[in-house]
A.B. asks: 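Just passing along the structure, written as structure tokens.
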Number of protein chains: 2
Amino acid sequence: MKITEEKELTGVKEIARRAEVSIATVDRVLHNRQGVSIKTKNKILSIIAELDYQPNILARTLASKKILKFAVLIPEASNETAFWEAPLTGILKAEEEIKRYGIQIDKYFFDQNDTSSFVAKTEQLLHDHVDGILMAPMFTEESIAFTNDCKRLNIPYVFINSDLPDQQSLCYFGPDLYQSGYMGAHLLRYLVPNQAKNKILLVNISKEINQRHHLLQKEKGFKSYFEDHNRKNEIIKIDVRQTDYASVEREMDQIFAQHQDISAIFVSNSRVSSVARYIEQHNKTEILLIGFDFLPQNIEYLKNDVIDFLICQKPQEQGYKGIMALYNKMVHGQSSQQVNFMPIDIISRENYLFYHN
Amino acid sequence: MKITEEKELTGVKEIARRAEVSIATVDRVLHNRQGVSIKTKNKILSIIAELDYQPNILARTLASKKILKFAVLIPEASNETAFWEAPLTGILKAEEEIKRYGIQIDKYFFDQNDTSSFVAKTEQLLHDHVDGILMAPMFTEESIAFTNDCKRLNIPYVFINSDLPDQQSLCYFGPDLYQSGYMGAHLLRYLVPNQAKNKILLVNISKEINQRHHLLQKEKGFKSYFEDHNRKNEIIKIDVRQTDYASVEREMDQIFAQHQDISAIFVSNSRVSSVARYIEQHNKTEILLIGFDFLPQNIEYLKNDVIDFLICQKPQEQGYKGIMALYNKMVHGQSSQQVNFMPIDIISRENYLFYHN
DNA sequence: TATATTTTCGTGTACGTACCCGAATTTACT
DNA sequence: AGTAAATTCGGGTACGTACACGAAAATATA
């Protein structure tokens, strides 16, 4: 029965009435399915455009039994770095919100010290059929290879925590590394007198090669600030290639043997707690200490006035917003900004209790 | 026809089958409507409990044509204080997200300098029938009277920006005023030597009586920090009761005539830009300046190094989360925490570009 | 021209819930 | 007991969309 009454209808029914076809035909056009002549298809399309038709998501997801599968590909939260717990928490929060709208989220965790585990997970992920991907592209080359596959299979993907520009990701949620180093230096400007004798120690602690470029970008930002503002402080830098405390202690001992007048220490990542432990044990807590990330150990030292400031970049929000970006794109067709830098938050002893990681 | 097949059904159908009644009867029980005998009602209720039945929100909002009306009762964003633009932005964002689920949000703006305009709006609000309220309870007594009406009418309400404890609000999203003053003092600890001669000026600028208690709480937090940590700095305090620049200038002139050695100024609200203008015009920019809120004028002075730090408390998020709390409560039956303090964010020249207000 | 094939399209049912309307049952009242 | 009234309940349709199935129309093939 063709719908011909004049009563104002809504949605597909109204389109069907105006085009003098059945609802099913309108549906075919909406979903780009075949079986519609070009003539009627164009007619329907023009009516859709004219009405600025917005499908009712409620009815759609209710009627459509199929569920969208999103995949999450991030490092597992080891006890070595609890960092990745936060993005996962954000992801779970998003999942809780949208699972009732037919979204399923499968998690694939890899070992961030092991490239091959990453590759293995990408293969498994492609084998299971998924409709969208949220990933941390830690290993550059492997990630590029993987996203090329995704492009071929027409699977959209979102990056978090670190970006691969020019890889056509749907979007990126994460820090501007350079600027966060710059911010750290800015804090020190207030805290350390502008004299050469007030030395500043820059510490990179990292075992994984893949993380090096992160640290390098922060280091670059940090140093640039001192140049841009003609700061006179001498900057000493050390790279610690082992993350155990003994290694850190050894290196620090060496530095302090050479330099007596270090006013501040800037640790370029979340390993700042190791340095905190050192300066606490060696009664050097008068030295200013700045580091990264809202991790339990770090907060402990923050409470005890050993760490003075932590710079944080909302890891949880990275996961949450990444998933929601996928959801908004695939379900509502809304695309968001391509690059989304997280705020650069400054945490101290007096506001950490209020921080939302 | 009673549903008797053994095939596993979902939702109300399954309940109806097990209880050997019709769907309509189950529906009556679910909505606490009358017309069901106590016996069958109990039977159905026990089955609902047993199955841990969760209604399908999609189907519910689709089938139910009625739309929920939320009311927002906040100050209008005057050019005197652009502050309230931010909560409104958050509210609009939430509206955009949930309007497709049958939520309508009506806005009622009052003049924060005029109690009677507040009362007028509350009356209008109660006249229009609304299902939930998000409000800024700026005028204590009037707000209490209003929320008593709401309680009587069984309309849930959420507070933002300032709290009225013991008023049985669904929840509160806003700052911990005392702690934000404490935080401001903590920042100064790093920036000003611990000596009596390094004086610190505390400035309250406010015309509205209703805002006074805000400032007082911050002031209390600020001073407490100095006491708690045995800081020796002399603290000078002034209250400026007019918000125009001429008044501020007059008061500041007077203070600087009396004191030559002021190291830092703490302005307890967003009017910090007036003080910034003063110390810029009087070539006193070497004085540290700390204030509140991410407003355009303040950011300008932050860029120019006149203001050193701004403390911000996510006003936009207050509006967003407030609305979502109402929504989650009324649609999904999920209640959130009662008191939700916003983070205490520290904004400086090097991170303001990344701040999400 | 008759039949086979392809293209094009409509009917009908389903998703899970809300709610109108009227029927069946029970209770109250003369 | 007989009727009226109240109580309790079920049938059926609707919300807006998806999709299986089959019918009709157009085209191709013999």
Side-chain angles (χ1 to χ4, degrees), chain A residues 1-5 7-45 47-48 51 53-68 99-102 331-333, chain B residues 1-5 7-45 48 51-68 99-102 331-333:
Chain A
M1 170 196 67
K2 290 214 177 54
I3 300 167
T4 46
E5 306 90 86
K7 188 163 70 84
E8 182 77 10
L9 298 167
T10 55
V12 280
K13 287 211 197 100
E14 174 65 12
I15 298 172
R17 188 182 64 81
R18 296 202 190 195
E20 293 174 296
V21 295
S22 76
I23 293 177
T25 302
V26 175
D27 190 69
R28 276 184 268 265
V29 172
L30 280 173
H31 292 273
N32 226 347
R33 262 182 262 127
Q34 63 187 19
V36 185
S37 70
I38 300 180
K39 203 175 127 202
T40 58
K41 178 168 182 174
N42 285 335
K43 184 173 183 184
I44 291 174
L45 280 178
I47 293 176
I48 288 176
L51 291 179
Y53 166 70
Q54 301 292 110
N56 182 320
I57 309 292
L58 294 181
R60 167 169 293 181
T61 49
L62 178 63
S64 160
K65 290 274 73 186
K66 93 156 168 273
I67 60 174
L68 275 185
K99 73 179 178 195
R100 57 173 154 256
Y101 303 129
V331 175
H332 298 120
Chain B
M1 171 197 65
K2 291 211 175 60
I3 300 166
T4 46
E5 306 91 87
K7 188 163 71 82
E8 181 77 9
L9 297 168
T10 55
V12 279
K13 287 212 197 100
E14 173 66 10
I15 298 173
R17 188 183 65 82
R18 296 201 188 197
E20 294 174 295
V21 296
S22 76
I23 293 177
T25 302
V26 176
D27 190 69
R28 277 184 269 263
V29 172
L30 280 173
H31 291 273
N32 225 349
R33 259 179 266 128
Q34 63 186 17
V36 185
S37 69
I38 300 179
K39 202 176 125 202
T40 58
K41 178 168 181 174
N42 285 335
K43 183 172 183 184
I44 290 174
L45 280 177
I48 288 176
L51 291 181
D52 186 29
Y53 165 71
Q54 301 292 110
N56 183 319
I57 308 294
L58 293 181
R60 167 169 292 181
T61 47
L62 179 63
S64 159
K65 291 274 72 185
K66 94 158 166 272
I67 59 175
L68 276 185
K99 72 177 179 195
R100 57 170 154 257
Y101 303 128
V331 175
H332 298 121

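All values below come from the heavy atoms of this structure, side chains included, with hydrogens, waters and symmetry mates left out. Labels below follow one simple rule: chain letters A, B, ... track the order of the sequence lines, proteins then strands, and each chain is numbered from 1. Just so it is clear, the model here is predicted, and its values are computed rather than measured.
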A.B. asks: Please identify each residue that fulfils side chain to side chain donor-acceptor pair (under 3.5 Å) with B:Thr40, with sequence neighbours left out.
C.D. replies: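 Per chain and number, B:Thr40 pairs via side chain to side chain donor-acceptor pair (under 3.5 Å) with B:Ser37.
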A.B. asks: Considering only D:dT17, D:dG10, C:dG10, which nucleotide approaches the side chain of A:Val21 most closely?
C.D. replies: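 Output: C:dG10.
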A.B. asks: Measure from CG on B:Asp27 to P on C:dC20 and round the result to the nearest Å.
C.D. replies: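 Rounding to the nearest Å, CG of B:Asp27 and P of C:dC20 are 10 Å apart.
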A.B. asks: Can you tabulate the close N/O pairs, meaning under 3.5 Å, that link protein atoms to atoms of nucleotides 22-28 of chain C?
C.D. replies:
none

A.B. asks: Measure from CD1 on B:Ile67 to P on D:dG16 and round the result to the nearest Å.
C.D. replies: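 After rounding, the gap between these two atoms is 14 Å.
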A.B. asks: Which whole-number value in Å describes the distance from B:Ile48 CD1 to C:dT17 P?
C.D. replies: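 These atoms are roughly 11 Å apart.
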A.B. asks: Does D:dT17 have its OP1 or OP2 closer than 4.0 Å to a side-chain nitrogen or oxygen of A:Tyr53?
C.D. replies: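 So the side-chain polar atoms of A:Tyr53 do come within 4.0 Å of the phosphate oxygens OP1 or OP2 of D:dT17, strictly under.
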A.B. asks: Heavy atoms under 4.0 Å, any strand shown: does A:Lys65 hit a base, just sugar-phosphate, or nothing?
C.D. replies: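 If one applies the 4.0 Å heavy-atom cut-off, A:Lys65 turns out to touch the sugar-phosphate alone, with no base involved.
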A.B. asks: Mind checking side chain to side chain donor-acceptor pair (under 3.5 Å) for B:Lys41 and listing every partner two or more places apart, or none if nothing turns up?
C.D. replies: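 So B:Lys41 forms a side chain to side chain donor-acceptor pair (under 3.5 Å) with B:Asn32.
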A.B. asks: Side chains of B:Lys99 and B:Ile67, heavy atoms from C-beta outward: is any pair under 4.5 Å?
C.D. replies: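 B:Lys99 vs B:Ile67: side chains apart.
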A.B. asks: Using a 4.0 Å cut-off on heavy atoms, which residues in residues 31-43 of chain A reach DNA chain C? List them by number, or say none.
C.D. replies: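 Heavy-atom contacts with DNA chain C come from A:Gly35, A:Val36, A:Ser37, A:Thr40.
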A.B. asks: Closest approach of A:Ile44 and A:Ala19, non-hydrogen atoms and distance?
C.D. replies: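 That closest heavy-atom pairing would be CG1-CB, 3.9 Å.
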A.B. asks: Measure the distance from NZ on A:Lys13 to C1' on C:dG12 and round it to the nearest whole Å.
C.D. replies: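 Checked: the NZ to C1' distance equals 14 Å.
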A.B. asks: Distance check needed: D:dT17 C1' versus A:Leu30 CG, whole Å only.
C.D. replies: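 Roughly 9 Å, once rounded to whole Å.
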A.B. asks: Could you identify which residues of residues 54-62 of chain A place a heavy atom less than 4.0 Å from some atom of DNA chain D, listed by residue number, or say none?
C.D. replies: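 Listed by number, they are A:Pro55, A:Asn56, A:Ala59, A:Arg60.
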A.B. asks: Between side-chain atoms of residues 53-62 of chain A and protein atoms elsewhere (two or more places apart, or another chain), which donor-acceptor pairs fall under 3.5 Å?
C.D. replies:
unit_1, atom_1, unit_2, atom_2, d
A:Asn56, OD1, A:Leu58, N, 2.8
A:Asn56, OD1, A:Ala59, N, 3.0
A:Thr61, OG1, A:Ile57, O, 2.9
A:Thr61, OG1, A:Leu58, O, 3.2

A.B. asks: Specify the separation, in whole Å, of atom NZ of A:Lys66 and atom P of D:dA20.
C.D. replies: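 In whole Å, D:dA20 P lies 11 Å from A:Lys66 NZ.
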A.B. asks: When the distance from CG of B:Leu68 to P of C:dA18 is rounded to whole Å, what number comes out?
C.D. replies: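 Atom CG in B:Leu68 sits about 13 Å away from atom P in C:dA18.
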